[in-house]
Amino acid sequence: RCLLFDVDDTLMDYHQAEIQILRRIFAENSKVPSQAELDDLWEKSWLYWNLRGLHETWREEIQRDYVRLYRNAVTDYCAYMRRKYDLKQDENALYELFGRYLGEAVTLYDDVLPVLRMLKGYFVLCAASNALSDCQRPRLRAMGIRFDHIFLSEEMGTIKPAQAFFRKAECMMVGDSLSSDIAGAQKAGMKTCWINRAGRALSGEIQPDAVIQNLHQLLEIKEIREGFQNDRI
């Protein structure tokens with residue numbers, strides 16, 4: 001009777017969060033970004049993320065050094081932003097702005113609060129994220145519902161999909177990443193539910209126990225229906 005939710009692209013739309021951040025950073029510089037500039041920065045955001053290997057969370061060397069690599073990727077991104085768009089702050093100041101604005105970017109999908117409020121009281125609700133604590137905790141505090149437990153990799157000293165992360169947070173895992181959320185939880189012996197908001201094809205060795213396209217469909221899963229038949233926690 002415990003549900004563990006990934007945060008970005010499961011509960012919150014990270015793309016929209018980053019667009020908010022970029023608009024605020026440009027406003028600090030008396031600029032308004034065009035759509036082409038926003039598209040360029042979104043592309044570069046993923047470029048610097050991938051160059052640091054952060055999309056390969058299953059690699060042990062990435063798991064060992066994840067927080068430093070994460071910070072370096074954001075610093076690289078801010079340096080590009082400053083150089084390309086002639087922003088007045090240096091990359092360190094932009095890094096601080098980026099983190100502060102991310103902590104204020106609560107970009108919930110429409111189905112999140114209605115479903116979580118239905119589940120609250122019948123299930124232990126937990127959140128799990130590989131994002132940095134000083135950005136993610138403020139977002140979770142401000143989203144309008146209290147989680148029973150929050151598992152953040154920076155604080156735990158281990159990241160998804162490492163089995164050690166999931167052994168500390170045994171629940172049914174609900175997440176958007178097959179490699180980080182679903183595979184890691186399965187290796188730890190947990191039930192898994194893949195939220196596939198984009199309608200991607202499911203292929204390869206990773207086979208979740210359930211697949212949903214929105215959180216309302218979570219309520220139709222057998223284990224969740226049975227949970228509502230029990231007394232409130």
Side-chain angles (χ1 to χ4, degrees), residues 1-21 38 42 45-46 55 57 102 104-131 135-152 160-161 165-166 169-186 188 190-230 232-233:
R1 298 185 65 183
C2 177
L3 295 172
L4 180 64
F5 291 91
D6 170 58
V7 179
D8 285 306
D9 295 327
T10 297
L11 302 179
M12 300 194 198
D13 185 332
Y14 182 78
H15 183 218
Q16 289 305 312
E18 189 155 309
I19 295 301
Q20 284 186 18
I21 294 164
L38 291 172
W42 178 246
S45 176
W46 279 106
H55 61 304
T57 51
L102 177 56
E104 298 170 2
V106 182
T107 50
L108 295 171
Y109 292 105
D110 291 341
D111 53 7
V112 172
L113 287 182
V115 171
L116 291 185
R117 286 169 177 159
M118 290 182 67
L119 295 168
K120 187 72 172 173
Y122 291 95
F123 297 86
V124 176
L125 301 182
C126 307
S129 178
N130 284 343
C135 301
Q136 208 67 309
R137 276 200 176 275
R139 298 175 80 205
L140 291 168
R141 283 197 299 266
M143 66 176 280
I145 194 166
R146 182 182 177 276
F147 285 96
D148 298 289
H149 302 284
I150 295 173
F151 300 99
L152 300 177
K160 299 179 293 176
F165 184 101
F166 291 98
E170 292 187 10
C171 306
M172 173 186 277
M173 180 70 212
V174 182
D176 72 294
S177 172
L178 287 170
S179 58
S180 292
D181 299 322
I182 305 305
Q186 286 183 335
M190 294 168 59
K191 290 281 189 180
T192 59
C193 176
W194 182 40
I195 184 163
N196 181 19
R197 292 188 183 274
R200 290 174 287 159
L202 179 62
S203 61
E205 298 179 357
I206 303 172
Q207 297 292 321
D209 296 296
V211 179
I212 59 177
Q213 288 191 298
N214 59 70
L215 284 184
H216 293 293
Q217 294 174 346
L218 179 67
L219 305 176
E220 302 169 10
I221 295 174
K222 178 175 179 290
E223 289 87 349
I224 306 303
R225 293 201 312 270
E226 291 174 348
F228 284 117
Q229 296 170 8
N230 298 321
R232 293 175 68 89
I233 293 172

Where is the tightest heavy-atom contact between Tyr122 and Met118, given as atom of each residue plus distance?
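Residues Tyr122 and Met118, closest heavy atoms: CD1-O, 3.7 Å.
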
Run the side chain to side chain contact (heavy atoms under 4.5 Å, CB included) test on Gln217 and Ile195 for me, step by step, so that the C-alpha distance in whole Å, both residues' side-chain angles and the decisive distance to 0.1 Å come before the verdict.
CA-CA 9 Å; Gln217 294 174 346; Ile195 184 163; over 6 Å; no

Report yes if some heavy atom in the side chain of [X] is under 4.5 Å from a heavy atom in the side chain of [Y]; otherwise report no.
{"X": "Leu4", "Y": "Asp181", "value": "no"}
{"X": "Leu178", "Y": "Arg200", "value": "no"}
{"X": "Gln136", "Y": "Asn130", "value": "no"}
{"X": "Thr107", "Y": "Tyr14", "value": "no"}
{"X": "Val115", "Y": "Asn214", "value": "no"}

Between Asp6 and Lys160, does at least one N-O distance fall below 4.0 Å, as a salt bridge requires?
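A salt bridge links Asp6 with Lys160.
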
So that I can tick it off, tell me whether Arg139 and Asp8 are bridged by a salt bridge, with the cut-off set at under 4.0 angstrom between side-chain N and carboxylate O.
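Salt bridge: yes.
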
Quick one: pull up [atom1] in [X] and [atom2] in [Y] and give me the separation to the nearest 0.5 Å.
{"X": "Cys126", "Y": "Met172", "atom1": "SG", "atom2": "CE", "answer": "13.0 Å"}
{"X": "Asp111", "Y": "Leu218", "atom1": "CG", "atom2": "CG", "answer": "10.0 Å"}
{"X": "Phe5", "Y": "Asp176", "atom1": "CZ", "atom2": "CG", "answer": "13.0 Å"}
{"X": "Tyr109", "Y": "Leu215", "atom1": "OH", "atom2": "CG", "answer": "10.0 Å"}
{"X": "Leu125", "Y": "Ile150", "atom1": "CG", "atom2": "CD1", "answer": "11.0 Å"}
{"X": "Lys120", "Y": "Ile233", "atom1": "NZ", "atom2": "CD1", "answer": "9.5 Å"}

Should we say atom CG of Asp110 is surrounded by more than 12 heavy atoms from elsewhere, each under 6.0 Å from it?
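Check fails, neighbour count at 12 or below.
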
Does Trp46 have more than 12 heavy atoms from other residues, nucleotides or ligands lying within 6.0 Å of its CH2?
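Open: at most 12 neighbouring heavy atoms sit under 6.0 Å from CH2 of Trp46.
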
Main-chain N/O of [Y] paired to [X] side chain as donor or acceptor, under 3.5 Å:
{"X": "Arg1", "Y": "Val124", "value": "no"}
{"X": "Thr192", "Y": "Pro208", "value": "no"}
{"X": "Glu104", "Y": "Pro138", "value": "no"}

Could you tell me whether the SG atom of Cys171 lies less than 2.5 angstrom from the SG atom of Cys2?
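Their SG atoms fall under 2.5 Å; a disulfide, then.
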
What residues form a salt bridge (charged side-chain N to carboxylate O under 4.0 Å, His left out) with Arg146, not counting sequence neighbours?
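Salt bridge (charged side-chain N to carboxylate O under 4.0 Å, His left out) check on Arg146 returns nothing, list empty.
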
Using 30° and 60° as the class limits, which term best fits the ring planes of Phe123 and Phe228: parallel, tilted or perpendicular?
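Phe123 and Phe228: perpendicular rings.
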
Hey, are Glu18 and Ser45 close enough side-chain-wise for a donor-acceptor pair under 3.5 Å?
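Yes, a side-chain donor-acceptor pair sits under 3.5 Å.
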
